[in-house]
Each structure stands twice: as C-alpha cells, then as structure tokens.
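First up is the structure itself, then whatever we jot down about it.
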Amino acid sequence: MRNYILFSLLSVLFFSFSSCKSKEEEKNTEIASIPETTFFKEPYRPQFHFTPTEMWMNDPNGLVYNDGIYHLFYQYYPEDIVWGPMHWGHATSKDLIFWEHKPIALFPDENGYIFSGSAVLDKNNTSGLGTLDNPPLVAIFTYHDINKEKDGSNDFQTQGIAYSLDNGESWTKYQNNPVLGNEGIRDFRDPKVFWNEPTQSWILVLVAGDHAQLYRSDDLISWAYLSEFGKESGAHGGVWECPDLFPLKVSGSEEEKWVLIISINPGAPNGGSGTQYFIGDFDGTTFTSNQQAEKWIDWGTDNYAGITYNNEPNDQRIFIGWMSNWAYARDTPTKEWRSAMTVPRKLSLIKVGNSYELANYPLDDFGTVFKSEFKKDLELAAGESETVAFDNYNQSEIRFKTMNRNFEISYNNSLDEELVLTLDGDQELFLLDRTKSGKTAFKEEFAKSVQKMPIRNLPDGEFEVRILMDWSSIEVFINNGQYVMTSQIFPNESYTNLIFKNSSSSVLTINALEVNRAESIW
Ligand code: FRU
C-alpha cells in the first residue's frame, strides 16, 4: 500500500511536470514511461511477438541494423486503436527477440502523414546529412497529404527523408522535403532503399498502383527514374504495396537471384491482404523475371506488408511482417492495442526442379524463447486419434517430424473451441480452419472460409512441422518454411488439448513430438 501511495504521488508530480512540455515531447514521455510489466498481460496480448505498448500499429517500417542495434519502426497511430494520421513508432533490439519501446520517431508535418518506408545507414555520408565520422541513419518514407487528397488531386503521395545522428534516438526531417515528387499517380508509395554495390548507387523501389518503379541516387536526395516492373506480372486483385528487392543465394549453390516482394490488398489467395514475390534478376537498372506462377510468401491471412532488414551484420535476409489483414484489422477484439508483428524470419531460396521458392522460417536464435515441456513419439493406426494435453498451448511451440501426408491436428479447450489443421496429401493441400476457434463474429471476413495452401512441391520422405502459438496468433512452418501459414485467432480460453488424428489408411507415425513452453519476452 505504501508503495502504491508513493507511486501515485510520483505519478502526480510526473504528470504535472510533463504538462509544461510541448505536445510532441509529452507524447514521447508518455509512451516511454508505460510500465510494461503491468500492462502486458491483457487478454490476447502476445508474449513473444512484438506489439506496441498501446494503440494502433500496422506495417513494419525502416528495418535497419546499426552499431549493435536492430531498429523496428512501424506505422503507428498513438491516439486510437484504429488507423489514423500515421507516425513512425519505434523499438530497438539487440537480438531481435527482446524489444525496448522507444519514443515516436516521426510525426506528421505540413507535408502529410508519415506512411511506410525504409531506413539505411549512409556509411559514406553520401547525403552530407552527417559526417564520415558520424554517418547518418536516413529514413525514406511516403508523405500522404490528406488535404490534397480531399481536394481531389492525385499527387498526394510523395517521398521524404529524415536523418538521425545518434543511432535512431532522435530524428530531423530534411529541410527540402519531399525529395521525390509525384506526377499524378494515386498510389505512389512505400519506398525501400538499399545500397547496390555493383553500380555504387542507392536504389529505391516503390509501388505505383499496379506496378513497381525503380529509381537511383548518389546521395539519397536527388532521384532519377530507372524502370518499372509488374504491370503484366503476378497477382493484380488489388493495389500493390510495400515492395522490397534484394539478392539471395540459392541454398546449397553459388547461384544468386533477386527477389522482389510485393504486398497486395485485396487479392490474396485466402482473402484480403497478402504478400507475393517474384524471383528474377536485377542488372542495376531493371528487374526482370520470367516467373509465370503467382507465388505467395505466406498463405495464411495474417502476414502483410513484410519487408527485410538493411545492413544486417550476419549476411542473413531477415523478414518481419504485420500479423493482420486490412479486411478486419480494425475490428479484432483487443482493447489496449491492435495487432502484432510476425516473429523475425530468415528468408532462403530453394530450387525445386526449375522453380525457385522463397522459404521463411524463424531465426535460429529465436529458438531460445522455447523451453522443453515434454517429448514423445506417437503411432496411430488408421482412423485413430490421440490427445496430447498441455495447460497452455496458447503460449507454445510444437515440433515434430513425419513421413505421412494425411492427418489432422486440432487444438481445443473446455469451451469446445477448436482450431483445426489438416494435411490432405491426396489433394496436396494444407488447411487451416479457424471458423470455430473462439471469437470470430467481430467481422464476417475473419472466418468466412477455411484457409487453403497448396503443398505440391513437398519433397518425398520425412519433413518437419513447427507451430508457434501466441495467444492471438498461430504460425505454421512446414518443411523448414517451404510452406507457411500465419493466422490470427481469438480463443476465449487457452487451448489445453492437441488432438492428432490419422486420416489415412496406414499407420501414422509422429516422430520426436516436442511440446515447448514459450517464455515471455516482456
Ligand atoms: C500497407 C499500407 C501502405 C501504406 C501504409 C499506411 O498496409 O497501406 O501502403 O504506406 O499502409 O499506413
């Protein structure tokens, strides 16, 4: 009680002091001062995924590593739990597991809201915004001018930059923003910039409605148009958003290909928002791809607007996506904050026949979050099922190996809520059914149908299934991330049973089933 009185007294003092501050400063202090330990236990609050302390979040932005720190910026609206005037929220991590919430990095200004974008370390101070001894971090983002939009003009999205000379702690907008104007394209946004060694220049890729455009620069300030890609390629069921472009070696070989990631909304295979990719080549000017098939990084409904880290020190391609979908993002049943990021995933390129596939799988180090609860092997005769009980599947990792291709796994609880995963080898499909998984009625689109993923290229022999569940999400990785489904769920109490069911006519063998308890990162 004494502590409580002392705390209240300190709070009163603190808040009267903070009222002397400017509005921006005030917001910064409030966000930074929230005691996470008491806050982070709300219903559905993920325990090992990144979430903002409070309020609305969407896309990851400005993923960049510098001087021991991984930065995660994100689309943020600090005044409500629905989308609004966009800011860049900010968090940092030394290991991509534990995060520290930071004050808001970028606020809207006279040029508009701060939409999605990227960040680079300008090591050689090409921009002149820092010095060679203290090179700047430069953020490149889209300005969305709401007044211009209301006035009916089409050129309301432009690209601006901001820089930091203290490794992201504070940011200054470039005084002559925007650095890239708009010639009348309505959806002209989400610049991803990277340093291209062969041409010794900065390359910027952004989206322009139904295609991507590439630009180059020597100094991050003056940009020249290079080329476009995509009007005739891939899925076009909605607007293209949040591009990323990077080289990747094909696993087990020296062959290098370029990957173009494009988020699209709507038009994803299971409804609403989704992220497609193209494998091809980039010659410093143009990206080309002869890929015919539509390819999706994740077949679940809830992995959108994902991009990768710049300047990653271990030469890995690390991807983080927003675990939601514009079809119902504003309606999910949380109160204090909205939505989470995926776990950080390592991208790799695999070649199957003549086709390249982009796999994504949790970073190796992320495994330290999971602590073994028990292990067992299962052998089930045709048609048989077995229940594996655990008090808290809602914060868990499941892993096993099998050769079988016809089985069902369902999580359930005492309220008879169930989340059903089915591997159907005959139809070469993996299915995720959340229609009875808990709260679903908040928006019709949420549980309209069973989510389907084709698994045509699953190799013969044994493969791994790995499932991460974190209170309001499930991430399923099949064969080390060759096939992935990420989905939000809102059970009314924790799932306590995992039921394996053999739907084949032969024996089902589940090898080395691991049930692991996930620790909380907060
Ligand atoms: C993607 C997106 C981006 C845009 C941002 C606005 O989810 O629509 O294209 O920059 O969100 O918050």
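Numbering of ligands and ligand atoms starts at 1, following listing order.
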A side-chain contact here means heavy atoms from C-beta on lying under 4.5 Å apart; do T332 and Y44 qualify? no
Which protein non-hydrogen atom lies closest to atom 10 (O) of ligand 1, naming both residue and atom, and how far is it? D190 OD1, 2.6 Å
If we number the atoms of ligand 1 from 1 as shown, the ones under 4.0 Å from a heavy atom of R189 are 3 (C), 4 (C), 9 (O), 10 (O)
Donor-acceptor contact below 3.5 Å, side chain Q395 vs main chain A518: yes
Looking at ligand 1, is there an atom of it that comes within less than 4.0 Å of some heavy atom belonging to W326? yes
Is the closest N or O pair between Y304 and ligand 1 shorter than 3.5 Å? no
Using a 3.5 Å distance criterion without hydrogens, assess whether the side chain of D122 forms a donor-acceptor pair with backbone atoms of S127. yes
N182 side chain vs Q157 backbone, donor-acceptor pair below 3.5 Å: yes
Which ligand 1 atoms are under 4.0 Å away from a heavy-atom of M86? 12 (O)
Would W322 count as being in polar contact with ligand 1, using the rule that some N or O on each side must be under 3.5 angstrom apart? no
Basic-acidic side-chain contact under 4.0 Å: E475, R345: yes
So which protein heavy atom does atom 8 (O) of ligand 1 come closest to, and at what separation? E241 OE2, 2.9 Å
Is there a donor-acceptor pair under 3.5 Å between the side chain of T286 and the backbone N or O of S227? no
Below a 4.0 angstrom heavy-atom separation, can you tell me which part of N265, side chain or backbone, both or neither, approaches ligand 1? neither
Report the relative orientation of the aromatic rings in Y74 and Y76; use parallel for angles under 30°, tilted for 30 to 60°, perpendicular for over 60°. perpendicular
Check: W326 main-chain N/O paired with S273 side-chain donor or acceptor under 3.5 Å: yes
What protein heavy atom sits nearest atom 1 (C) of ligand 1, and how far away is it? D59 OD2, 2.9 Å
Numbered in order shown, the ligand 1 atoms found under 4.0 Å of a heavy atom of S116 are 5 (C), 10 (O)
So which protein heavy atom does atom 12 (O) of ligand 1 come closest to, and at what separation? Q75 OE1, 2.6 Å
